[in-house]
Amino acid sequence: MINPFETAKAQLDKAAATANLDSDLIERLKVPDRYVEVSIPVVMDNGEQKIFTGFRSQHNNARGPYKGGIRFHPEVSLDEVRALSFWMTFKNAVVGVPFGGGKGGVVFDPKKVSPAELEKISRGYIQKISRLIGPELDVPAPDVNTNSQIMDWMVDEYAKLTRNKNAPACFTGKSLGNGGSEGRQEATGFGGGIVLREVLAKNLIQARGKTIAIQGFGNVGQFIAEAVANLGWKIVALSDSKGGVYNEAGLNLTEAEAHKKQTGALKDLSGSANITNAELLELGVDVLIPAALENVLTAENAGRVKAPLIFEMANGPTTTEADEIFQNSGKIVIPDILANSGGVGTSYFEWYQNMHGEHWPREQVLDKLKSLMIQAFADVFTVHKKYQTSFRSAAYILAAERLAEAGS
Ligand code: GLU
């Protein structure tokens with residue numbers, strides 16, 4: 001088993017060696033400020049009690065309140081949550097929003113519970129961590145398998161327990177009627193599209209057919225697909241957890257979305273061939289976008305990846321060994337902490353609106369997000385040039401400098 005927390009620390013070490021960063025700072029950044037494991041008893045629909053395990057890791061708050069999502073997945077572990085909270089600290093520093101890093105998760109498969117059970121687990125988790133979170137303390141958000149409905153339940157539970165008058169500001173990614181921000185749902189994918197456009201404008205790769213393969217068709221995958229289609233690029237492959245589909249001539253996104261909605265999966269989409277997730281990663285495309293889970297690009301398959309550009313919309317999709325293989329073969333990797341930072345960037349706008357009692361139109365939110373992403377890419381690019389280093393190390397160096405300035 002590849003431990004994502006070890007991957008995260010190795011990435012930081014590599015960047016620290018390149019830029020000669022202060023070793024005491026680096027050691028401090030390798031340990032989260034605190035983390036908790038909680039037990040969540042829930043009476044299931046059949047009347048039986050089941051106890052679920054949840055985590056929250058608060059990595060660092062030198063730049064502002066801890067901030068990061070909550071994921072529901074059967075493979076959530078403490079090390080995964082710690083790694084994800086660590087990446088949030090660096091991501092928020094790269095994109096320049098005044099937040100630290102946090103992350104949470106509950107170990108279960110949300111596809112195997114009823115809506116009533118899902119609500120009870122969501123509320124039960126908040127009952128256990130309500131004293132650790134708050135609008136100026138720790139601000140959760142959606143992540144893998146969580147959405148605005150779940151955030152709304154959590155806000156409600158948090159409000160009941162704490163009587164905090166500004167409870168909505170304790171969560172981002174809420175529904176629009178409950179203090180959510182315009183543009184937040186599509187923000188991660190939209191922001192990724194802006195960064196990808198900036199990367200492509202640098203002519204770092206020679207694109208032959210302007211083709212893209214995307215692994216993952218959840219909230220991130222769907223919106224990055226729309227964003228790259230708007231750039232005029234051809235999406236030849238898409239996948240979800242049940243498998244993928246391929247069409248050399250390009251997939252029609254509207255049809256793929258409709259098919260997924262109707263059948264619950266992408267596979268068997270008419271006019272395309274079924275492929276596995278493993279096959280998708282090795283296709284001869286110009287850009288590969290992992291947009292699902294961590295550790296999908298490993299020592300085992302990295303040598304067979306053909307795309308010259310890997311654009312990480314998932315958190316932690318590339319292991320340390322795979323990263324090394326990509327670097328040695330001259331591939332460009334745009335790291336998660338830059339590529340997918342548009343989600344939390346917009347979470348900042350949502351939080352700001354809640355804290356100031358404002359509601360901005362969608363155009364305004366997306367315009368601000370666009371500037372944020374263009375600036376973040378420009379800042380990382382400057383460090384990449386200065387140290388002649390990978391984009392991942394450049395992003396870490398930039399973030400570490402900002403964390404040092406904040407007194408981390
Ligand atoms: N879950 C998203 C991420 O990994 C967003 C977190 C947030 O908005 O707080 O970046």
Side-chain angles (χ1 to χ4, degrees), residues 1-37 53-60 66 68-71 73-94 100-105 107 143-144 215 281 290-303 305 310 312-328 331 333-341 389-400 403 408:
M1 270 288 273
I2 300 151
N3 182 333
F5 194 43
E6 295 305 323
T7 305
K9 288 188 283 188
Q11 292 169 342
L12 179 59
D13 273 334
K14 197 167 172 197
T18 306
N20 211 358
L21 298 172
D22 173 48
S23 59
D24 284 349
L25 168 74
I26 298 308
E27 287 315 305
R28 284 197 300 280
L29 289 172
K30 283 188 192 165
V31 281
D33 284 349
R34 84 175 140 184
Y35 40 87
V36 291
E37 177 175 326
T53 301
F55 304 103
R56 183 80 187 163
S57 171
Q58 298 177 329
H59 176 260
N60 182 287
Y66 301 105
I70 295 165
R71 70 172 52 180
H73 196 276
E75 260 126 61
V76 164
S77 68
L78 181 56
D79 270 335
E80 183 192 47
V81 168
R82 286 200 286 198
L84 290 162
S85 70
F86 173 105
W87 282 320
M88 287 309 302
T89 297
F90 289 89
K91 187 186 303 190
N92 289 328
V94 167
K103 199 76 157 208
V107 191
D143 195 75
V144 173
Q215 182 191 43
L281 299 172
L293 291 171
E294 55 267 17
N295 294 337
V296 294
L297 297 166
T298 64
E300 197 276 315
N301 64 0
V305 169
I310 294 127
E312 297 184 338
M313 289 302 289
N315 288 312
T318 310
T319 67
T320 312
E321 293 80 13
D323 221 14
E324 201 76 36
I325 294 169
F326 292 151
Q327 211 172 342
N328 293 339
K331 291 189 191 301
V333 179
I334 303 299
D336 44 10
I337 56 174
L338 169 64
N340 72 28
S341 61
T389 190
S390 69
F391 284 98
R392 190 183 315 278
S393 285
Y396 270 101
I397 293 166
L398 175 70
L403 284 156
S408 226

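This chain uses plain numbering: 1 for the first residue, then up along the sequence.
- A 4.5 Å side-chain heavy-atom check between E37 and T53 finds at least one atom pair inside the cut-off.
- For the atom pair NZ of K91 and OG of S85, the computed distance is 11.5 Å after rounding to the nearest 0.5 Å.
- What you find for A93 and L403 is that their closest heavy atoms are CB-CG, 4.4 Å.
- For the side-chain contact (heavy atoms from CB on, under 4.5 Å) criterion with L293, the lone passing option out of Q215, E75, R71 is R71.
- Using a 4.5 Å cut-off on side-chain heavy atoms (C-beta onward), Q11 and W87 make contact.
- When every heavy atom of A395 is checked against every heavy atom of V94, the shortest pair comes out as O-CG2, 3.4 Å.
- For the atom pair S390 OG and I397 CD1, the distance stands at 8.0 Å (nearest 0.5 Å).
- Residues passing the side chain to side chain donor-acceptor pair (under 3.5 Å) test with Q327, sequence neighbours excluded: K14.
- Listed by chain and number, the residues in a ring pair (Phe, Tyr, Trp, His ring centres under 6.0 Å) with Y396 are F90 (sequence neighbours excluded).
- F86 places a side-chain heavy atom less than 4.5 Å from the side chain of F5.
- Between the side chain of D79 and the backbone N or O of N3 there is no donor-acceptor pair closer than 3.5 Å.
- Taken to the nearest 0.5 Å, the CD1 atom of I310 stands 10.0 Å off from the CD1 atom of I334.
- Across all non-hydrogen atoms, the minimal contact from P290 to V296 is CB-CG2, 4.2 Å.
- Distance CD1/I2 to CD/E300: 10.0 Å, rounded to 0.5 Å.
- D323 meets the salt bridge (charged side-chain N to carboxylate O under 4.0 Å, His left out) test with R392; sequence neighbours excluded.
- In this structure, CG on N340 lies 8.5 Å from CD on E312, to the nearest 0.5 angstrom.
- Between the CD1 atom of I70 and the CG atom of L84 there is a distance of 12.5 Å, given to the nearest 0.5 Å.
- A donor-acceptor contact shorter than 3.5 Å links the side chain of N92 to the backbone of M88.
- Remark: F391 pairs with H384 by the ring pair (Phe, Tyr, Trp, His ring centres under 6.0 Å) rule, at least two apart or across chains.
- Checked by atom type and distance alone, the side chain of K103 never pairs as donor or acceptor with a backbone atom of D143 at under 3.5 Å.
- Taking all atoms of both residues into account, the shortest heavy-atom contact from I26 to A16 is CG1-CB, 3.7 Å.
- Counting all heavy atoms, side chain and backbone alike, T389 lies closest to A394 at CG2-N, 3.9 Å.
- Remark: side-chain polar atoms of H59 are paired, donor with acceptor, to backbone N or O of L29 under 3.5 angstrom.
- In terms of the side chain to side chain donor-acceptor pair (under 3.5 Å) criterion, residue partners of S408 (sequence neighbours excluded) are, by chain and number, N60.
- Contacts of D13 classified as side chain to side chain donor-acceptor pair (under 3.5 Å), with partners at least two apart in sequence or in another chain: K30.
- When all heavy atoms of G105 and V81 are compared, the pair lying nearest together is N-CG2, 4.1 Å.
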